[in-house]
Asker: 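Have a look at this one.
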Protein chains: 2
Amino acid sequence: MMDAIQPRAVKTRARLLATAQAVIAETGYGAMRVDEVVRRAGVAKGTFFAHFKDKDALMDMLIGAEMNHCLDALETGPAPRDTPALIQALGPLMALMTSERYVFDVILRHSGAAAREDIGPIAQALDRLVRQIASWITAGQFRHDADPELLAEGVQAFMAQAMALNFCALRGKQPLDARLAPFLTRWLSPETGLDPQGQ
Amino acid sequence: MMDAIQPRAVKTRARLLATAQAVIAETGYGAMRVDEVVRRAGVAKGTFFAHFKDKDALMDMLIGAEMNHCLDALETGPAPRDTPALIQALGPLMALMTSERYVFDVILRHSGAAAREDIGPIAQALDRLVRQIASWITAGQFRHDADPELLAEGVQAFMAQAMALNFCALRGKQPLDARLAPFLTRWLSPETGLDPQGQ
DNA sequence: TCCATAAATTGACCGCGGTCAATTCATCTA
DNA sequence: TAGATGAATTGACCGCGGTCAATTTATGGA
């Protein structure tokens, strides 16, 4: 009995999403204001929150979608067969995740889901990433004396740390890749952990 | 020429700090409100922000101080000589860092310093932690074929990931220690990465 | 065609962090 | 001791995310 969403609601939601994307395209994620979006979309503020739990939920969707585009590309492209190739493959995704401090913060906030039902797009994308990395590890020239899933989660941990350090003036403007390399080399290399340089 | 801070300012600042601590002791970090603190301290809101750059800066101090107490205990106590002991030693600090979602968020936000001059207490404490772990690694029964500093930073990355997953209903209510163990074992064990279980 | 019911939308309002021009207060100098 | 100078404090105000009772709009049944 009338529990279906009406067409106008679908339209409104679509307009809000489109407007938000337009605003973000102009000013970036961090500068997006709910007031600005609803003003441009020509709806009341309350309507926004009728369609999205909060501002973060919208960000989750939009950023998650962008991450998934990146992941699509990764899935399509050739599988990296060693650590340097892996780091290179991860480049675009990490660039996206660190494009703004605000974006990285949103991702961190959504990297774990609070409850079974509210796994957002970002959490899903990160999960997809781990599975992708695990499959690469299985197929490529990496160590195979450990659960690929575990290794993949480790890669994610190192990625997060490297990206966090990216917003830190201290550790120099060393590029992400360079900061990540020593960790991943040691974590993934098939030669049982040896490294003549000790570095 | 009068550029010294006046005694009353010192008093005011001290009263704000004490009041904030009292409020936090009652309600927790996340529920602390600047309005509540200034009301109880009997000062105007503007005064608060004359003494602390923003709310986060105060949190940085208070949480950083608590972390340093933990680190004092770690420095005093016996050095863990293997991975299980290391995990156990880190327990209290991780418990503090994950005592509230809000606390963990503040720590993440301050884990990297934006500029040379504004390294806050939390960033300092985390740096201190890495150096402490590195010294343990050097002294204990851990792998010595890699830079202890690098290994210590890796430990920090795994800690962060384990703690983040702590706020996630998915990965079960598995205790922090258990989530951390497989990573640290593989990362730190002196036997060159082998593990009969592959897990 | 008209009404009942629920979905969709509205906008005034709130909470809370943060700002700043104005004011008060302490200290130095003539 | 009377200005003069800057430190310290004040509180009205703002920006922005989020709420909710009230109102409008769409839809199914008689």
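All values below come from the heavy atoms of this structure, side chains included, with hydrogens, waters and symmetry mates left out. What you see is a predicted model; the values in this text were computed from it and never measured. Lettering follows sequence order; numbering is per chain, from 1.
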Asker: Figure out the CZ/C1' separation between R39(A) and dG15(D), and round it to whole Å.
Answerer: 15 Å

Asker: What integer distance in Å separates F48(B):CZ from dT19(C):C1'?
Answerer: 14 Å

Asker: With a 4.0 Å limit, can you tell me whether T12(B) has a side-chain N or O closer than that to the phosphate oxygens OP1/OP2 of dA8(D)?
Answerer: no

Asker: Check this one for me: any side-chain N or O of H51(A) less than 4.0 Å away from OP1 or OP2 of dA8(C)?
Answerer: no

Asker: When you get a sec, tell me which of dG18(C), dA7(D), dA26(D) is the closest nucleotide to the side chain of Q6(A)?
Answerer: dA26(D)

Asker: Can you figure out which of dC25(C), dG18(C), dA26(D) approaches the side chain of R8(A) most closely?
Answerer: dA26(D)

Asker: Would a 4.5 Å heavy-atom cut-off, applied to side chains only, mark K55(B) and M32(B) as touching?
Answerer: yes

Asker: Tell me: CZ of R13(B) to C1' of dA7(D), nearest whole Å?
Answerer: 15 Å

Asker: Between dG18(C), dG18(D), dT9(D), spot the one nearest the side chain of A9(B), thanks.
Answerer: dT9(D)

Asker: Starting the side chain at C-beta, find the nucleotide from dT10(C), dA8(C), dT27(D) nearest to I5(A).
Answerer: dA8(C)

Asker: Could you go through residues 13-21 of chain A and list every donor-acceptor pair under 3.5 Å that involves a side-chain atom there, pairing it with any protein atom two or more places apart or in another chain?
Answerer:
from   : atom 1 : to     : atom 2 : distance (Å)
R13(A) : NH1    : H51(A) : O      : 3.0
R15(A) : NE     : A41(A) : O      : 3.0
R15(A) : NH2    : A41(A) : O      : 3.4
T19(A) : OG1    : R15(A) : O      : 2.6

Asker: Whole-Å distance between dT9(C) C1' and K11(A) NZ?
Answerer: 17 Å

Asker: Whether T47(A) contacts dT10(C) is assessed here as follows: a side-chain N or O lying under 4.0 Å from the phosphate OP1 or OP2. Is that the case?
Answerer: yes

Asker: Side chain of F49(A) only, please: which of dA8(C), dT19(D), dC16(D) is the nearest?
Answerer: dT19(D)

Asker: If the threshold is 4.0 Å, N to carboxylate O, is there a salt bridge linking R179(B) and E153(A)?
Answerer: no

Asker: Which residues pass the side-chain contact (heavy atoms from CB on, under 4.5 Å) test with R39(B), not counting sequence neighbours?
Answerer: E36(B)

Asker: Atom CG of D54(A) to atom P of dC14(C): distance rounded to whole Å?
Answerer: 22 Å

Asker: In whole angstrom, give the distance that lies between atom CD of E36(A) and atom P of dG17(D).
Answerer: 11 Å

Asker: Is the shortest side-chain N/O distance from K45(A) to OP1 or OP2 of dG11(C) below 4.0 Å?
Answerer: no

Asker: How long is the line joining CZ of R33(B) and C1' of dG15(C), in whole Å?
Answerer: 8 Å

Asker: Write down the distance between CG (D35(A)) and C1' (dA12(C)), rounded to a whole number of angstrom.
Answerer: 13 Å

Asker: For the ring pair W187(B) and F158(A), is the centre-to-centre distance below 6.0 Å?
Answerer: yes

